[in-house]
Amino acid sequence: MSLPHARQEIPAPLGLLAELTHRCPLACPYCSNPIDLEERGGELDAGTWFRVFREAAAMGVLQVHLSGGEPASRRDLVEIVAFAREAGLYTNLITSAIGIDARRLARLQRAGLDHVQLSLQDVDAACADRIAGYPGAHTRKLDFARSVVGLGLALTVNAVIHRSNIDRVAALVETAASLGAGRVEIAHAQYYGWALRNRAALMPTREQVEHAMREMESLRPHYHGRLVIDLVIPDYYARRPKACVGGWGRRSLNVTPSGRVLPCHAAETIPGLQFWSVRDRPLDEIWRDSPAFRAFRGTDWMAAPCRSCEWRAIDYGGCRCQAMAIAGDAAATDPACELSPHHARMRALAEQASSGADERYVYRGRTTAIPAH
Ligand code: SF4
Ligand code: FES
């Protein structure tokens, strides 16, 4: 464990991910929520969220991402949005659209909602509903997106990509454009938690990934000036890791439905980390001093090869949760890096997972594997 950081060395966070609830009508097999979902009875009330938002704003946080589960599962979502606005935060609602009709959306806008991030599972309704584990979801999402744009709210479409939809990335981008989105995020599934459990059913082949990347690059000039396209390729086929969460404890923090504060959404997959709660301490104390945030902040904790690498203050050694999942050591170099001794094994895992015939999903929150086709 490193020595306590001097206060001035710790940057101010920019973003707060507020997981208002883990409840969700959908059951996507790559859900970023933990395997052990938190119960409704333990959720923070709106008043506590208001205090957290005020504390976050005082620390320098600019944006709050209201997420879940499905945040619309909270009956007091309008009140929570109003509190976020009153605290002076830019409010982004990350939603599946289920549970928000036109009237509720208008109330959210009046409460101060700035931006909506809508997930699409696919362009084909039957495929999309199967991935979501919720019949009829896709059609409702398209109607919702039109309402968002009709009200003048900013819209981002988010699509998690995996083996069964990666061949339709161009159509997903076109759908986002036709809905009036200003941004589309085409992000590959991240293999922790539920996605790790479903890796054999989700992993695309290398050929699929390369084809999708070429296709995306050729699309960019076509949409230039009217749609921002963000592409996140699967780490398993990368040569360098991404600076996950912008570097551990540098840019953002997550608050779980019950108030535990995490450096990233998957941090609970790392054994031995101690997470403090907003129920017990102010947010700035947690950000500054909690053992979980201090564990991998900066570069002092790094071992070889990261310790002497010229990229260490750029990618911060990649993703701690992926190092845990693949190398069995959260302090190891992210195996997505070709300098990691585990890099070849990660590639082999990708080849193996993508070549299998296993097309069954274990849906989030459900225990039975269901055929994907
Ligand atoms: Fe990044 Fe570490 Fe790889 Fe260097 S060795 S590129 S710091 S992950
Ligand atoms: Fe936890 Fe990358 S998901 S550090």
Compare every heavy atom of [Y] with every heavy atom of [X], then report the nearest pair and how far apart it is.
{"X": "Ser258", "Y": "Ser277", "value": "O-OG, 4.2 Å"}
{"X": "Pro34", "Y": "Trp194", "value": "O-NE1, 3.1 Å"}
{"X": "Leu16", "Y": "Ala56", "value": "CD2-CB, 4.1 Å"}
{"X": "Met203", "Y": "Ala353", "value": "CB-CB, 3.8 Å"}
{"X": "Cys321", "Y": "Cys264", "value": "SG-SG, 3.4 Å"}
{"X": "Ala323", "Y": "Thr333", "value": "CB-O, 4.3 Å"}

In this structure, which one of [options] forms a side chain to side chain contact (heavy atoms under 4.5 Å, CB included) with [X]?
{"X": "Leu231", "options": "Glu185, Arg220, His188", "answer": "Arg220"}
{"X": "Ile100", "options": "Thr95, Val148, Leu118", "answer": "Thr95"}
{"X": "Ile186", "options": "Val160, Ile166, Ile161", "answer": "Ile161"}

Could you tell me whether [X] atom [atom1] has more than 12 heavy atoms of other residues or ligands within 6.0 Å of it?
{"X": "Glu285", "atom1": "CD", "value": "yes"}
{"X": "Arg239", "atom1": "CZ", "value": "no"}
{"X": "Gln352", "atom1": "CD", "value": "no"}
{"X": "Arg107", "atom1": "CZ", "value": "no"}
{"X": "His115", "atom1": "NE2", "value": "yes"}
{"X": "Arg51", "atom1": "CZ", "value": "yes"}
{"X": "Asp36", "atom1": "CG", "value": "no"}
{"X": "Arg104", "atom1": "CZ", "value": "yes"}

Distance-only, no hydrogens or angles: does the [X] side chain make a donor-acceptor pair with backbone N or O of [Y] under 3.5 Å?
{"X": "Asp114", "Y": "Thr91", "value": "yes"}
{"X": "Ser354", "Y": "Glu351", "value": "yes"}
{"X": "Arg307", "Y": "Thr299", "value": "no"}
{"X": "Thr48", "Y": "Leu44", "value": "no"}
{"X": "Arg250", "Y": "Gly246", "value": "yes"}
{"X": "Glu210", "Y": "Glu207", "value": "no"}
{"X": "Arg197", "Y": "Tyr192", "value": "no"}
{"X": "Arg183", "Y": "Thr156", "value": "no"}

Side-chain contact, heavy-atom cut-off 4.5 Å: [X] with [Y]?
{"X": "Cys337", "Y": "Pro241", "result": "yes"}
{"X": "Val64", "Y": "Tyr90", "result": "no"}
{"X": "Leu77", "Y": "Leu20", "result": "yes"}
{"X": "Arg206", "Y": "Tyr236", "result": "no"}
{"X": "Trp49", "Y": "Val255", "result": "yes"}
{"X": "Val173", "Y": "Leu227", "result": "yes"}
{"X": "Pro71", "Y": "Thr21", "result": "no"}
{"X": "Lys141", "Y": "Ser119", "result": "yes"}

Joint hydrophobic cluster, [X] plus [Y], side-chain heavy atoms closer than 4.5 Å:
{"X": "Met59", "Y": "Ile10", "value": "yes"}
{"X": "Leu93", "Y": "Leu151", "value": "yes"}
{"X": "Leu14", "Y": "Trp248", "value": "no"}
{"X": "Ile98", "Y": "Leu179", "value": "no"}
{"X": "Ile94", "Y": "Val52", "value": "no"}

Derivation of the side chain to side chain contact (heavy atoms under 4.5 Å, CB included) call for Tyr191 and Ile326: CA-CA 10 Å; Tyr191 293 104; Ile326 304 292; over 6 Å; no

Should the pair [X]-[Y] be classified as a salt bridge under the 4.0 Å nitrogen-to-oxygen rule?
{"X": "Arg23", "Y": "Glu70", "result": "no"}
{"X": "Asp289", "Y": "Arg294", "result": "no"}
{"X": "Asp124", "Y": "Arg168", "result": "no"}
{"X": "Asp315", "Y": "Lys242", "result": "no"}
{"X": "Asp122", "Y": "Arg130", "result": "no"}
{"X": "Arg140", "Y": "Asp143", "result": "no"}

Between [atom1] on residue [X] and [atom2] on residue [Y], distance to nearest 0.5 Å:
{"X": "Met213", "Y": "Met216", "atom1": "CE", "atom2": "CE", "answer": "10.0 Å"}
{"X": "His343", "Y": "Asp334", "atom1": "NE2", "atom2": "CG", "answer": "10.0 Å"}
{"X": "Tyr316", "Y": "Ile314", "atom1": "OH", "atom2": "CD1", "answer": "8.5 Å"}
{"X": "Leu219", "Y": "Leu172", "atom1": "CG", "atom2": "CG", "answer": "11.0 Å"}
{"X": "Leu62", "Y": "Leu89", "atom1": "CG", "atom2": "CG", "answer": "8.0 Å"}
{"X": "Tyr237", "Y": "Met346", "atom1": "OH", "atom2": "CE", "answer": "10.5 Å"}

Would you verify whether the NZ or CZ of Arg260 falls within 45 degrees of the ring axis of Trp276 while also being under 6.0 Å from that six-membered ring's centre?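 Not satisfied by the 6.0 Å and 45° rule.
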
Parallel, tilted or perpendicular: which describes the rings of His162 and Tyr30, with under 30° parallel and over 60° perpendicular?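 Rings of His162 and Tyr30: tilted, 30 to 60°.
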
After noting the C-alpha distance and the side-chain angles of Asp235 and Gln322, does the key distance pass the side-chain hydrogen bond (donor to acceptor under 3.5 Å, both in side chains) rule? CA-CA 9 Å; Asp235 289 329; Gln322 191 148 264; 3.2 Å; yes

Centres of the Trp287 and Phe293 rings: under 6.0 Å?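 Ring centroids of Trp287 and Phe293 are less than 6.0 Å from each other.
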
As a quick check of understanding, evaluate salt bridge (Lys or Arg N to Asp or Glu O under 4.0 Å) for Arg74 and Asp76, giving each step before the final call. CA-CA 5 Å; Arg74 296 263 320 214; Asp76 51 4; 3.0 Å; yes

Asn33 and side chain to side chain donor-acceptor pair (under 3.5 Å): which partner among His265, Arg364, Glu38?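 Answer to the side chain to side chain donor-acceptor pair (under 3.5 Å) test with Asn33 among His265, Arg364, Glu38: Arg364.
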
